[in-house]
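Shown next, in structure tokens, is the structure this report addresses.
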Amino acid sequence: MTNREIAVVLDRIADILQVKGEDYYKIRAYRAAAHSVYRLDEDIKVLYKANRISDIPGVGKAIKAKIEELLEKGSCEYLDKLLQEVPPGVLEMLRIPGIGHKTVKTIYEETGIDNLDDLLKAAQLKQIRVLPGMGGKTEYNIKKGIEILRSSGGKVTRGLALPLAEELRDCLLESAAVEQASIVGSIRRGKSLVSDIDILAASDDSEKVYSIISAYPGIREIQQANGDNIKGKLNYGIDFEVIIVKPHEYYPSMVWTTGSKAHREVLFNNRKAEEFKGLESESEVYNKLGYEYIVPEMRENKGELEAAKNKQLPRLIAEKDIQGDLHMHSEWSDGAHSIRQMAEAAKKRAYSYIAITDHSKSLPISGGLNEERLAEQGKEIEALNASVKDVHIFKGIEVDILKDGSLDFSDEILEQLDIVVASIHSNFKLDREKQTERISRAIKNPHVDIIGHLSGRLLNRRNGYELDVDRILELAARNKTVLEINSHPDRLDIDEDTARKAREYGIKIAINSDAHQADDLKLMKYGVVNARRAWLESEDIINSWNKESIIDFFKKS
DNA sequence: GCCGTTTTCGGCCCGACTGTTTTCAGTCG
């Protein structure tokens, strides 16, 4: 089993314990262990062989035994026992926004309902409101929540799908029978939500490819397999498709299978991919069709074909252009690592600056900073800047935008900071006018440099709050307020459409990791892809500029 | 269930908002 699979099992145990109403700290212990395992740099199997499972933070005697059982047998008796008490469908109910473990427990125990379909029916039949502690609003939340869960149509985030796709691709590439393999389809185009994993493999031996796939441990089932096409489900229930082509068909097929359909149809204009076999790169395929090479993120038939024909394609921002990261947390609030550790991690990525932007006091669960601790932190940053070479640390804050649009710190405090990110973390349900006014007030504050995760959306979990986006973009442009592309794959906020629109308004963007630990800095790649899908260039992205330009920009704004 | 240079027990992030109540439990960040 992989690190990720072990982490999923531990998390699942925590879910069940929660529905069972077990001790909060026991549940938290399983969650913490799951998190540590998920974040391990090493393969857990290597740790196991070295008898070092106990070295994993948060893993003690009991959880160690379960991890070892999973590694030895691929299953865990404790989980199997728990699953008999609480069926998987009940756990799915936990994903409904506004419905927590207590509500799920009541529903399951009082009615026996153990899946989302039956729950939805019961809510429609007004059978939930009669249960203790529930009313019409709970029923409405259930109906609405299931609707949101279903609206993604079974899609998963790119953040979940990409690592799985890479593992499958790498497994194919290990075989001598596979000359080349690439992730294609919507994952390659960088869509935030994807419906399946598509892999293109170049091989003369499709039988061999089939045997590799059927032996691949990450696969749940193969549903269809003919000569050049294998379809099925990976663990976690994600659909996959492996398309096998002859080596000389590889590059035209890559263009074809990367899509999108709309892009492909215009591009090929009734010509067949077979006409282009033997070509040795995607560029050659594009050139032969009369276009400049178009990067996968742009292939949506949204103007890129015309631009490519006229040799007017933008030079999109790339991860190597990124020079720093302007939104991250440290152990001063809810981050896991010290400021020094964050700076060292940034140095490894060859960044020249970071901003430490811990939470402000209104977010007590995060250990948000009050004025005194912020001042102390400032001193630590000054000391670090004197000793840490190569990476400059900006003093920052992720200040809460309060319900009325005022900020969690006074202007006098904010004025002393280098980078002020202002974000919403509460009162998501204000009406459109109030929410727009709230953010507008924050934008107008002269000390606010960046608005963090503007819409508050969480992909597959929560829609963004009601906002008049045009009004906000106009105001941000006028105030020279930067908008963030939050790189967390569950957020990608602002989304690509808003980002493209923001550019038209002349708004500058910061692509930030919002890292809560050193390893999270790597999430930057998801934000960059989102920006590329919005056609953004280096000049649009302030953290692709050097330190001096950033200081200069915020001085003038 | 984990952790410990106050160590084998007792502590382990809290406070606001929402919805269902009529004084509070559940959810969320």
Side-chain angles (χ1 to χ4, degrees), chain A residues 9-11 13-37 53-67 76 78-79 82 93-107 109 123 128-142 144-145 329-336 358-370 373 398-404 408 423-431 434-435 438 452-453 456-458 461-465 486 488 490-491 493 514 516:
Chain A
V9 170
L10 296 176
D11 240 337
I13 290 173
D15 282 342
I16 300 176
L17 295 176
Q18 211 162 5
V19 173
K20 276 167 57 85
E22 297 249 352
D23 178 59
Y24 167 74
Y25 292 105
K26 182 173 169 178
I27 295 160
R28 215 182 58 176
Y30 274 97
R31 296 244 186 257
H35 195 70
S36 305
V37 170
I53 295 288
S54 311
D55 291 357
I56 304 168
V59 174
K61 209 173 142 196
I63 297 183
K64 171 175 179 263
K66 285 166 189 102
I67 292 175
C76 161
Y78 183 57
L79 173 66
L82 289 174
M93 296 181 196
L94 288 172
R95 291 170 55 222
I96 304 170
I99 304 299
H101 54 275
K102 293 265 173 73
T103 308
V104 168
K105 180 175 156 70
T106 306
I107 292 173
E109 285 178 354
I128 299 299
R129 62 181 63 192
V130 300
L131 301 176
M134 290 175 218
K137 191 75 195 186
T138 311
E139 243 166 26
Y140 174 80
N141 284 340
I142 288 172
K144 196 78 192 160
H329 300 268
S330 74
E331 61 191 6
W332 282 80
S333 68
D334 59 352
D358 274 306
H359 289 288
S360 60
K361 57 185 186 287
S362 282
L363 215 53
I365 189 180
S366 70
L369 304 182
N370 58 21
R373 293 190 63 231
E398 181 180 17
V399 65
D400 249 61
I401 304 175
L402 305 176
K403 192 173 180 180
D404 63 355
D408 203 14
S423 318
I424 284 180
H425 293 104
S426 60
N427 298 100
F428 301 136
K429 288 181 176 168
L430 296 187
D431 67 43
K434 285 208 183 90
Q435 201 69 282
R438 177 187 187 186
H453 45 75
R457 76 168 178 178
L458 290 174
R461 274 189 284 162
R462 182 174 83 201
N463 292 334
Y465 11 89
N486 188 295
H488 196 289
D490 290 347
R491 289 191 183 271
D493 185 9
D514 196 358
H516 283 69

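Residue numbers begin at 1 in each chain, while the letters A, B, ... track the order of the sequences.
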For the pair made of [atom1] in [X] and [atom2] in [N], what is the distance, rounded to whole Å?
{"X": "A/R129", "N": "B/dT21", "atom1": "CZ", "atom2": "C1'", "result": "16 Å"}
{"X": "A/I107", "N": "B/dG19", "atom1": "CD1", "atom2": "C1'", "result": "14 Å"}
{"X": "A/I53", "N": "B/dC2", "atom1": "CD1", "atom2": "C1'", "result": "16 Å"}
{"X": "A/L369", "N": "B/dC13", "atom1": "CG", "atom2": "C1'", "result": "14 Å"}
{"X": "A/I96", "N": "B/dC28", "atom1": "CD1", "atom2": "C1'", "result": "16 Å"}
{"X": "A/K429", "N": "B/dC17", "atom1": "NZ", "atom2": "P", "result": "14 Å"}
{"X": "A/F428", "N": "B/dC17", "atom1": "CZ", "atom2": "P", "result": "12 Å"}
{"X": "A/N141", "N": "B/dT20", "atom1": "CG", "atom2": "C1'", "result": "12 Å"}

Using the [atom1] atom as the point on both nucleotides, what is the distance between [M] and [N], in whole Å?
{"N": "B/dC13", "M": "B/dC24", "atom1": "P", "result": "26 Å"}
{"N": "B/dC28", "M": "B/dT23", "atom1": "P", "result": "26 Å"}
{"N": "B/dT6", "M": "B/dG1", "atom1": "C1'", "result": "22 Å"}
{"N": "B/dG10", "M": "B/dC17", "atom1": "P", "result": "37 Å"}
{"N": "B/dA16", "M": "B/dG11", "atom1": "C1'", "result": "25 Å"}
{"N": "B/dT20", "M": "B/dA25", "atom1": "P", "result": "16 Å"}

Kindly point out which of [options] is positioned nearest to the side chain of [X]?
{"X": "A/K102", "options": "B/dG1, B/dG26, B/dT20", "answer": "B/dG26"}
{"X": "A/R28", "options": "B/dT27, B/dC13, B/dC17", "answer": "B/dC13"}
{"X": "A/P364", "options": "B/dG1, B/dC17, B/dG15", "answer": "B/dG15"}
{"X": "A/H101", "options": "B/dT20, B/dC2, B/dT27", "answer": "B/dT27"}
{"X": "A/Y78", "options": "B/dC17, B/dG1, B/dC13", "answer": "B/dG1"}

So for atom NZ, which belongs to A/K361, do other residues, nucleotides or ligands contribute more than 12 heavy atoms lying within a distance under 6.0 Å?
yes
Using a cut-off of 4.0 Å on non-hydrogen atoms, how would the nucleic acid contact of [X] be classed: base, sugar-phosphate, or nothing?
{"X": "A/S426", "value": "nothing"}
{"X": "A/I27", "value": "nothing"}
{"X": "A/D334", "value": "nothing"}
{"X": "A/T138", "value": "sugar-phosphate"}

Next item on the list: Mind telling me whether A/Y465 and A/F428 have parallel, tilted or perpendicular rings, with 30° and 60° as the class edges?
Entry: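 Answer is parallel, since the angle falls under 30°.
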The answer to which of A/A62 and A/R491 contacts DNA chain B further toward the 5' end, by nearest nucleotide, is A/A62
Closest nucleotide of DNA chain B for A/Y30 versus for A/G367: which of these residues is on the 5' side?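 The answer here is A/Y30.
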### Message
Taking the basic N atoms (NZ, or NE/NH1/NH2) and the acidic carboxylate oxygens, is any pair closer than 4.0 Å for A/K64 and A/D55?
### Response
no
Are any of the side-chain nitrogens in A/R438 or A/D404 under 4.0 Å away from the carboxylate oxygens of its partner? no
Every protein N/O lying under 3.5 Å from an N/O of nucleotides 3-11 of chain B:
from  : atom 1 : to    : atom 2 : distance (Å)
B/dC3 : OP1    : A/G58 : N      : 3.0

Walk me through it: do A/H329 and A/D514 pass the test side chain to side chain donor-acceptor pair (under 3.5 Å)?
-> CA-CA 7 Å; A/H329 300 268; A/D514 196 358; 3.1 Å; yes
When every non-hydrogen atom of A/R491 is compared with those of A/R457, the smallest separation belongs to O-NE, 2.9 Å
Paired to B/dC24 by Watson-Crick or G-U wobble criteria (both distances under 3.5 Å) is B/dG19
Item to check | A/H425-A/H359 aromatic ring centre distance below 6.0 Å | outcome: yes
Worksheet item: If only atom types and distance count, is the side chain of A/D358 paired as donor or acceptor with the main-chain N or O of A/S330 below 3.5 Å?
Response: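 Such a contact is found between A/D358 side chain and A/S330 backbone.
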Any donor-acceptor N/O pair, A/S360 side chain to A/D400 backbone, under 3.5 Å: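 Checking the backbone N and O of A/D400 against the side chain of A/S360, a donor-acceptor pair under 3.5 Å is found.
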